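In this text, all values refer to a predicted model and were calculated from it rather than measured experimentally. Every chain is numbered from 1 and lettered A, B, ... according to where its sequence line falls, protein lines coming before strand lines.
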Amino acid sequence: MRFSRAYIPTTKESPKDAQLPSHIYLSRAGFVAQVASGLYNFLPLGKRVLRKIENIINEEMSACGALEVDLSFVTPAELWQESGRIEKFGKELLRFRDRKDNLFVLGPTHEEMMVSIVRNRVTSYKQLPLNVYQVKTKFRDEARPRFGLMRAREFVMKDGYSFHSSTEDLDREFDAMEAAYKKILERLGLNFRIVEADSGAIGGTGSKELMVLAQSGEDTLAVCDTCEYGANVEAARRAPRSVFPEAPSADFSRFKTPNVKSIDDLSNFFHVDPYYTLKAVVMRAVYTEGSEPVCFFIRGCDELQEVKARNSVGAIDLVDISESELSEIGLIPGFIGPLDQDKIRFVMDKDTLNATSMICGANEMDYHFVGVDLSVMKDAVFADLVTVQAGDGCPHCGGKMEHTKGIEVGHIFKLGTVYSAPLKAEFLDENGRAQPFIMGTYGMGVSRLVAAVIEQHHDERGCIWTHATAPYLVNVMVSNIKEESHLAYAEELYNTLLSRGIETILDDRKERFGFKMSDAELIGFPFTIIIGKELENGQVQIMIRESREILTVDAENVLDKIEELRR
RNA sequence: CGGGGCGUAGCUCAGUAUGGUUAGAGUACUUGGUUUGGGACCAAGGGGCCGGAGGUUCGAGUCCUCUCGCCCCGACCA
């Protein structure tokens, strides 16, 4: 491509609405342009990057025997009514009617459609397994689109679905997909972690998220500094504690603790580590029908993890509760404890099971119990309720857990029969009995990956594309196109690079050196070959975008050098 | 959906508290000239329903009412 004939509208200033590096640089460098909230146009450079990512996905899927399809973006509402998701998705489904007044929705994901194409067509276990996928525009009418391409309403997703006759075969495919996804992200040149995720409302037997590590990630991850274990904090586990603070020695008694309400107060009052105190967190659990207050008891040194807490009581939401509501129930904030208490449903963190030497509220103003042995509570409900903190032990290898931020670019899921059963998608097994398909689903955010590459690879001058994602690998820049010999040399080099199958752009614009260099850095081509003054000495220069290092090489060696650098 | 902010040239923004010639700057664009290794300089140009509607007024970018859009925090997010 000749730059002079390309459409690459770069700007010196960032759009005022852009906050994230990916949004700023992708806009400034002319990869994308915003149309409306959560809607983006992909300009020529952006489209090239998108296609490169798609190609890599297609290659890896093909290597796994997955079959590409392309399902209608517009989907009949009946399918969504059948699965029950038309209510569940709510306003995120963009609905509209055609001229005959039939209701349709723009596909936000395609489980229903995908099930419908195999239903009644794949009818025997002999036809299984089957893995079909597409790379397709999706639309979710998000309540609040944000962060540029990271959370758009219209976006490109690779969504794959597998169908099996046994859970063992699903497990095999799930592992194969995890390996393929790992390979894709490696090829893209990304630093990522595969983490355990909250299975949440969907249920199923397992899900993993693929997280590109970046400061601006919306998800917080707990990862081991030694082994591969990592999990979304919503689902992270930790090893049991191995070192314990010094335990307070006190016989069980009721102790007057005037105005001692917080864990800090309590810890200071008794000069005891918060580990030996019991924290009460009361929230209102919201269910499909009705709600009730619930108290969660955890050690004073821990923090409540709301997703875990929500799962522990099967609620769809947990909301804050006011002090006046607490008073109505008869609980005294600051002095709530589990002993002799029947005013509220409660769940205890599993780390408090059989705990001794504890201090907890006495359910009486200005009193706490000390020397509490929680083994008396062994019949209570226990669950994992706490947030894994930095420094906690890894549940697998005993290494130290630390926190990091991630961008969710993929999510793979063992669905089981969650969709196939209600949609009555069945096959006949070896015994001639009808069984619902056992399914897996595998998603990857393609347009989000474009942004994720830049979130992870940029500097204050602009984009730094990885070799696999760059719109062009090499930029041949002519410092001054009025130097005819320079231009002629550059044209020849450009053609040679193209003939070797190296994606190259020729910056033949009538602009000054600094202007073109700034553009090259903003756009982020991995290599810019500068044809200029040095050519008089038979030399050219190669600017390596990542380090901004400039190599001076003999003109006759430039091809070899590029071949060497691209490896 | 709650809270906050912003809509003026392609882009980034002044101007709005206190209404008053022809609405500005930078940048981008066009033409001519000089430049040519880090976003050049000189000169001459084109470009605006001041988000939209209604109102107050002799007069509205500026005041009032309504509305639409965009961004941020939160709620939400297979």
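Across all strands shown, A:Pro15 has heavy atoms under 4.0 Å from sugar-phosphate atoms exclusively, and none from any base. When heavy atoms are screened at a 4.0 angstrom cut-off, A:Lys91 is found touching the sugar-phosphate backbone but no base atom. Residue contacts for A:Glu112: at a heavy-atom cut-off of 4.0 Å it reaches no nucleic acid atom on any strand shown.
For the P atoms, the distance linking B:rG19 with B:rG61 amounts to 14 Å, nearest Å. Straight-line distance between the C1' atoms of B:rU12 and B:rC29: roughly 16 Å, to the nearest whole Å. Nucleotides B:rG46 and B:rC6 place their P atoms 34 Å apart, quoted to the nearest Å. A distance of about 15 Å separates the P atoms of B:rG48 and B:rA25, rounded to the whole Å. Separation of the P atoms belonging to B:rC41 and B:rG26 is 11 Å when rounded to the nearest angstrom. Annotation: B:rC70 and B:rU31 have their P atoms spaced 36 Å apart (nearest Å). B:rC77 and B:rG38 have their C1' atoms separated by 44 Å, given to the nearest Å. Look at the C1' atom in both B:rU65 and B:rG3: the space between them is 23 Å, to the nearest Å.
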Can you give one letter per nucleotide of nucleotides 27-39 of chain B, going 5' to 3': B for a protein heavy atom under 4.0 Å from the base, S for sugar-phosphate only, - for none?
--------BBBBB
Treating primed atoms plus P, OP1 and OP2 as sugar-phosphate and everything else as base, which nucleotides of nucleotides 68-77 of chain B get B, S or - for protein heavy atoms under 4.0 Å?
--SSBBBBBB
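For A:Asn480, there are no side chain to side chain donor-acceptor pair (under 3.5 Å) partners two or more places apart in sequence or in a different chain. With sequence neighbours left out, A:Tyr25 forms a side chain to side chain donor-acceptor pair (under 3.5 Å) with no residue at all. With sequence neighbours left out, A:Gln539 forms a side-chain contact (heavy atoms from CB on, under 4.5 Å) with A:Glu534, A:Asn537, A:Thr552, A:Asp554. Residues meeting the side chain to side chain donor-acceptor pair (under 3.5 Å) test with A:Thr11, sequence neighbours left out: none. Residues satisfying the side-chain contact (heavy atoms from CB on, under 4.5 Å) test with A:Pro108, not counting sequence neighbours, are A:Trp80, A:Phe89, A:Leu93, A:Arg140. For A:Phe527, the ring-ring contact (aromatic ring centres under 6.0 Å, His included) test picks out A:His467, with sequence neighbours left out. Every residue two or more places apart in sequence or in another chain that forms a side chain to side chain donor-acceptor pair (under 3.5 Å) with A:Glu491 is listed here: A:Arg2.
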Dot-bracket encoding per residue of RNA chain B, Watson-Crick/G-U cut-off under 3.5 Å, | denoting interstrand
(((((((..((((......[...)))).((((((.....)))))).....(((((..]....))))))))))))....
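Other residues, nucleotides and ligands contribute at most 12 non-hydrogen atoms within 6.0 Å of the CD atom of A:Gln215.
For B:rA53, the glycosidic angle deviates from 0 by more than 90°, giving an anti base.
Applying the salt bridge (Lys or Arg N to Asp or Glu O under 4.0 Å) test to every pair with at least one member in residues 514-523 of chain A, sequence neighbours left out, gives these pairs: A:Arg461-A:Glu521, A:Arg509-A:Asp519, A:Glu521-A:Arg548. Within the structure, every pair that satisfies the ring-ring contact (aromatic ring centres under 6.0 Å, His included) test and touches residues 26-45 of chain A, not counting sequence neighbours, is listed here: A:His23-A:Tyr40, A:Phe31-A:Trp465.
Place A:Ser14 and A:Thr441 on RNA chain B by their nearest nucleotides, and A:Ser14 ends up nearer the 5' end.
Inter-residue side-chain proximity for A:Leu185 and A:Leu210 is flagged as met; some heavy-atom pair is nearer than 4.5 Å.
The side-chain tip of A:Arg48 points at the ring of A:Tyr472 from less than 6.0 angstrom away and within 45° of straight on.
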